[in-house]
Amino acid sequence: MNFSVPFEIENSPFFLPSDFKETLDGGQSFRWREVGENAFEGVFEDIAARLLLNGRGKVCAQVPEGFDQEKCAKKIADFLDAERDYAKITKNHKDERVVKAAKRFPTLRILRQTPQEAIICFICSSSKRIVQIKQCVSLLSEKLGDEIAPNFHALPNFEKIADAPIEILRDCKLGFRADYLKRTAQKIVSDKFNPESLREMPYQEAKKYLLSLSGVGEKVADCILLFGAAKFEAFPVDTWISKSMAALYDLKTPKDARAFASKQFGANAGYIQQLLFADIRSNP
DNA sequence: CCCCAGGTGGGAG
DNA sequence: CTCCCACCTGGG
């Protein structure tokens with residue numbers, strides 16, 4: 001597999017190495033694997049890439065032979081949400097707990113995945129560890145997705161999943177999630193629902209639809225909306241965030257945590273969630 | 001061998 | 001509405 005010579009992503013955001021890793025491989029996406037110092041290989045949409053961090057904290061990319069570098073550079077910048085000013089969100093934030101987490105992860109970002117990728121990956125994620133989720137998603141891509149470059153597979157679309165024999169999904173080590181995924185794919189196909197439309201829908205309406213899908217509850221719906229549709233008001237509460245919210249704010253239930261986040265963090269709750277998540281996971 | 005993990009669904013209380 | 005536990009599977 002021949003990669004192009006590395007080229008710098010113009011207008012790449014600045015990353016500290018630790019935040020680069022946390023962003024790509026910290027639970028937002030399950031499609032990246034570390035291949036060396038500050039280097040990750042992975043796939044998003046129909047792009048395969050190796051992403052590197054140069055000495056100035058800028059992202060450089062290598063893409064497979066035959067990939068249009070200019071087009072890929074633009075897509076990678078979008079994927080890294082290059083346009084958004086994250087520092088502004090936490091600068092002068094009134095909550096010192098948020099400021100403290102932001103200081104530990106000053107260049108953390110939210111990846112802009114597609115709704116389709118997020119729906120598939122987060123249905124696979126329930127009650128699993130990151131390494132296991134990555135394995136499932138990778139198997140799913142290998143068995144049902146298109147090979148977009150040698151040994152790089154895109155995720156399958158919902159038609160493919162809907163039509164796949166359940167045994168194939170079982171072979172992806174999905175366990176009980178295999179039925180969730182197949183039922184969800186079938187529903188999306190029969191509804192003629194375009195996942196991309198989630199981006200345009202208001203948060204509540206989008207969430208309502210997602211909750212009608214099999215294997216999608218509050219937590220998974222919020223992950224899909226935050227990581228797959230850039231809805232920053234989404235505040236996914238998993239066990240880590242539950243712990244964090246209990247420790248920092250004495251909030252005992254996911255419901256309380258969501259209500260608090262919506263009220264106190266508002267339109268940027270999702271980013272603050274990611275900071276608190278990274279923080280409590282790094283020193284529990 | 002036993003236990004649980006970055007949840008959800010469905011039934012009981 | 002809130003509990004509670006089964007659900008697959010791999011790894012500790």
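Just so we're on the same page: letters track the sequence lines, and every chain starts at 1. Side-chain atoms are counted along with the backbone in the values below, which use heavy atoms only and exclude waters and symmetry mates. For clarity, every value in this text was computed on a predicted model and none was experimentally measured.
Summarising the geometry, the separation between CD on A/Glu22 and C1' on B/dG6 is reported as 12 Å, rounded to the nearest angstrom. If you take CZ of A/Phe122 and P of B/dA5, they are 19 Å apart, rounded to a whole angstrom. The NZ-P distance, from A/Lys219 to B/dG9, rounds to 13 Å in whole Å. In this structure, A/Asp222 places its CG atom 13 Å from C1' of B/dG7, rounding to the nearest Å. Atom CD of A/Gln28 is separated from atom C1' of B/dG6 by 13 Å (rounded to the nearest Å). When the C1' atom of B/dG6 is taken as reference, atom CG of A/Asp25 falls 14 Å away, rounded to whole Å. Separating the CD atom of A/Glu218 from the C1' atom of B/dG6 is a distance of 16 Å, rounded to the nearest angstrom. When the C1' atom of B/dG6 is taken as reference, atom CG of A/Leu226 falls 14 Å away, rounded to whole Å.
A/Ile110 and A/Gln28 get closest at one heavy-atom pair: CA-OE1, 3.3 Å. Between A/Lys143 and A/Ile168, the shortest heavy-atom distance links the atoms CD-O, 4.0 Å.
When the C1' atom is used for both C/dG11 and B/dT8, the distance is 23 Å, rounded to whole Å. Taking atom C1' on both nucleotides, B/dG6 is separated from C/dT2 by 22 Å, rounded to a whole Å. Going from the P atom of C/dG10 to that of B/dG9 covers 23 Å, rounded to whole Å.
When heavy atoms are screened at a 4.0 angstrom cut-off, A/Leu213 is found touching the sugar-phosphate backbone but no base atom. Contact annotation for A/Gly27: base contact, defined as any heavy-atom pair under 4.0 Å involving a base atom. At a threshold of 4.0 angstrom between heavy atoms, the contacts of A/Thr253 with the nucleic acid are absent. At a threshold of 4.0 angstrom between heavy atoms, the contacts of A/Ile133 with the nucleic acid are absent.
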Each nucleotide of nucleotides 5-12 of chain C classed B (base within 4.0 Å of a protein heavy atom), S (only sugar-phosphate) or -, in 5' to 3' order, makes --BBSB--
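Ring pair A/Phe79/A/Trp32 is tilted by interplanar angle, where 30° to 60° counts as tilted. The aromatic rings of A/Phe265 and A/Tyr249 stand perpendicular to each other, their planes meeting at an angle above 60°, with 30° marking the opposite boundary.
Salt-bridge formation is detected for the pair A/Asp25/A/Lys134: a Lys NZ or Arg NE/NH1/NH2 atom is positioned less than 4.0 Å from an Asp or Glu carboxylate oxygen. Ion pairing between a basic and an acidic side chain is recognised when a charged N comes within 4.0 Å of a carboxylate O; A/Lys208 and A/Glu205 show no such pairing.
Counting only Watson-Crick or G-U wobble pairs whose defining distances are both under 3.5 Å, the stems of 3 or more consecutive pairs in DNA chain C are B:2-5 with C:9-12, B:7-13 with C:1-7.
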Listing, residues 53-64 of chain A side-chain donor-acceptor contacts under 3.5 Å, not counting sequence neighbours, or none:
unit_1: A/Asn54; atom_1: OD1; unit_2: A/Arg56; atom_2: N; d: 2.9
unit_1: A/Asn54; atom_1: OD1; unit_2: A/Gly57; atom_2: N; d: 3.2
unit_1: A/Asn54; atom_1: OD1; unit_2: A/Lys58; atom_2: N; d: 2.9
unit_1: A/Asn54; atom_1: ND2; unit_2: A/Glu8; atom_2: OE1; d: 3.4
unit_1: A/Arg56; atom_1: NH2; unit_2: A/Glu8; atom_2: OE1; d: 3.2
unit_1: A/Arg56; atom_1: NH2; unit_2: A/Glu8; atom_2: OE2; d: 3.0
unit_1: A/Lys58; atom_1: NZ; unit_2: A/Ser12; atom_2: O; d: 2.9
unit_1: A/Gln62; atom_1: OE1; unit_2: A/Arg50; atom_2: NH1; d: 3.3
unit_1: A/Gln62; atom_1: NE2; unit_2: A/Ser4; atom_2: O; d: 3.0

*asked:* Walk me through whether A/Phe235 and A/Phe260 qualify under ring-ring contact (aromatic ring centres under 6.0 Å, His included).
replied: CA-CA 10 Å; A/Phe235 190 83; A/Phe260 176 89; 8.4 Å; no
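A cation-pi arrangement is present between A/Arg84 and A/Phe232, with the terminal nitrogen or guanidinium carbon under 6.0 Å from the aromatic centre and inside a 45° cone about the axis.
Between C/dC1 and A/Lys255, no contact under 4.0 Å exists linking OP1 or OP2 to a side-chain N or O.
More than 12 heavy atoms of other shown residues, nucleotides or ligands fall within 6.0 angstrom of atom CG in A/Asp85.
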